[in-house]
Amino acid sequence: MNKLAEPTTATSLRPKTLNAHTPDSQIRNPKPVMTVSGLFKSYHKKNLEVPVLKGVDLTIPTGDFTTIVGTSGSGKSTLLHLMGTLDAPDSGQIYYNDRRIDNLPAREKERLRNREFGMIFQFYHLLPELTTLENVLVPKMVQDGFWTYLRNKKAYKKQATDLLEMVGLGHRMRHKPSELSGGEMQRTAIARSLISDPRVLLADEPTGNLDAENGREVLDCLAALRKNENLTVIMVTHDDSLAEKSDHTIRLDNGVVA
Ligand code: ADP
Ligand code: MG
């Protein structure tokens with residue numbers, strides 16, 4: 001059980017320096033789940049250096065829904081990929097729960113991605129031949145290897161079923177991706193990203209390919225996960241209006257946090 005759910009009231013946990021607008025998360029858990037410090041990243045094209053991140057500093061509160069906004073090309077995907085250890089910065093540091101993660105060996109980064117982070121993208125990357133349920137099980141098939149997967153299959157199926165029900169797709173388990181709406185496909189991808197019970201969900205323009213209604217569905221789903229599952233959600237988007245369901249907005253402008 002969460003320690004802070006014990007009889008002490010939330011008000012008594014509030015540090016004196018925090019004001020009435022301090023988000024709940026800082027009262028519940030003042031430690032950030034992620035900290036980015038002095039992050040630089042350039043791409044190199046032939047002899048040309050393209051600087052993208054020019055000293056990004058930010059903190060992500062534990063258990064909150066944080067949106068990082070910025071115009072197209074401002075470096076949002078680059079930043080999210082670095083935070084998810086998919087790529088390494090040129091300089092600067094990234095901490096996850098006080099542990100530096102940007103310079104870990106490849107195997108350790110892979111472990112983090114498999115166990116601690118879930119990721120979703122603008123495109124859903126679902127396998128067209130598999131049902132919704134099977135798509136959600138794919139990370140387990142890949143991580144476990146054949147025999148371990150087979151041994152645990154029943155438990156995994158139950159877990160995948162629960163996740164699909166949680167994202168409102170209990171009635172679509174046997175459908176193939178081609179039989180789903182865009183919003184349903186993205187919610188399948190969300191369920192898949194949660195199969196290893198991550199603590200942080202990194203979402204790169206998750207509504208970028210959806211109409212307004214489907215986009216709202218996906219945002220509601222992310223907001224519910226943050227609320228009900230105690231998941232930290234970090235979403236990047238070029239669309240300012242999408243930030244309204246989140247607890248905080250961070251603006252990336254010209255390679256730094258504005
Ligand atoms: P955003 O997600 O905010 O649209 P990105 O992080 O994708 O921005 O890209 C930031 C800039 O870096 C863009 O100008 C883009 O063209 C450039 N860029 C991204 N990835 C690469 C790459 N692999 N090689 C060279 N340039 C890249
Ligand atoms: Mg992008």
Side-chain angles (χ1 to χ4, degrees), residues 34-60 64-96 101-104 106 109-110 112-113 117-126 182-183 185-190 192-193 198 200-212 214-219 221-223 225 232-258:
M34 290 191 91
T35 305
V36 168
S37 176
L39 210 64
F40 283 79
K41 177 76 180 175
S42 297
Y43 292 108
H44 298 270
K45 269 213 158 241
K46 298 202 174 131
N47 289 331
L48 193 71
E49 186 184 355
V50 184
V52 177
L53 304 181
K54 306 171 189 169
V56 170
D57 298 302
L58 58 84
T59 55
I60 304 289
D64 275 9
F65 183 173
T66 299
T67 302
I68 301 173
V69 294
T71 53
S72 179
S74 61
K76 303 180 298 296
S77 295
T78 301
L79 174 61
L80 204 72
H81 287 189
L82 294 177
M83 291 170 76
T85 73
L86 288 169
D87 199 357
D90 298 332
S91 61
Q93 299 99 40
I94 303 171
Y95 294 89
Y96 172 63
I101 61 167
D102 60 278
N103 60 355
L104 289 174
K109 285 185 174 176
E110 195 182 319
L112 270 179
R113 291 197 299 271
F117 301 154
M119 293 193 199
I120 57 168
F121 302 93
Q122 177 173 354
F123 299 100
Y124 326 114
H125 306 294
L126 299 175
M185 283 195 263
Q186 189 60 292
R187 282 185 285 142
T188 304
I190 292 172
R192 180 184 56 193
S193 78
V200 179
L201 180 64
L202 302 163
D204 190 352
E205 305 266 8
T207 64
N209 209 29
L210 299 173
D211 61 30
N214 278 280
R216 204 160 37 243
E217 240 176 46
V218 165
L219 281 182
C221 181
L222 294 177
L225 287 172
T232 301
V233 179
I234 308 169
M235 175 176 81
V236 306
T237 176
H238 67 279
D239 185 348
D240 284 18
S241 72
L242 298 185
E244 70 184 40
K245 291 227 191 288
S246 60
D247 303 302
H248 317 270
T249 305
I250 293 169
R251 188 167 298 276
L252 201 58
D253 187 14
N254 197 22
V256 292
V257 171

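Counting starts at 1 for both ligands and their atoms, in listed order.
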*asked:* Taking distance alone, with N or O pairs closer than 3.5 Å, would you say Gly73 contacts ligand 1?
replied: yes
Closest non-hydrogen atoms of Ser77 and Asp204, given as atom of the first, atom of the second and distance, are OG-OD2, 2.7 Å
among protein heavy atoms, the one nearest atom 8 (O) of ligand 1 is Gly75 N, 3.2 Å
Closest non-hydrogen contact found for Met235 with Leu222 is SD-CD1, 4.2 Å
TODO: Compare all side-chain heavy atoms of Asp87 with those of Thr78 and state whether any distance is below 4.5 angstrom.
DONE: no
Query raised in the report: Would you call Gly70 a ligand 1 contact, heavy-atom distance under 4.0 Å?
Result: no
dist Gln186:CD -> Leu219:CG (nearest 0.5 Å) comes out at 10.0 Å
* Under a 4.5 Å cut-off applied to non-hydrogen side-chain atoms, are Pro89 and Leu53 in contact? -> no
A student checking ligand 1 against Val52 at a 4.0 Å heavy-atom cut-off should list atoms 10 (C), 11 (C), 12 (O)
Residue, atom and distance of the protein heavy atom nearest atom 25 (C) of ligand 1 read Tyr43 CB, 3.3 Å
Atom 7 (O) of ligand 1: closest protein heavy atom, distance to 0.1 Å, is Ser77 CB, 3.7 Å
Has Lys41 got a side-chain atom pairing as donor or acceptor with Ala88's backbone, closer than 3.5 angstrom? yes
In ligand 1, the atoms that come under 4.0 Å of a heavy atom of Thr78 are 5 (P), 6 (O), 9 (O)
Side chains of Leu86 and Arg113, heavy atoms from C-beta outward: is any pair under 4.5 Å? yes
Ligand 1 and Ser74, any nitrogen or oxygen pair closer than 3.5 angstrom? yes
- Mark whether atom 15 (C) of ligand 1 lies under 4.0 angstrom from at least one protein heavy atom. no
In ligand 1, the atoms that come under 4.0 Å of a heavy atom of Thr71 are 3 (O)
Exercise. Is there a donor in the side chain of Tyr96 and an acceptor in the side chain of Thr85, or the other way round, less than 3.5 Å apart?
Worked result: no
Quick check: does Val50 get an N/O under 3.5 Å from an N/O on ligand 1? no
query: Do you see an N/O/S atom of Ser77, backbone or side chain, under 2.8 Å from the Mg ion (ligand 2)?
result: yes
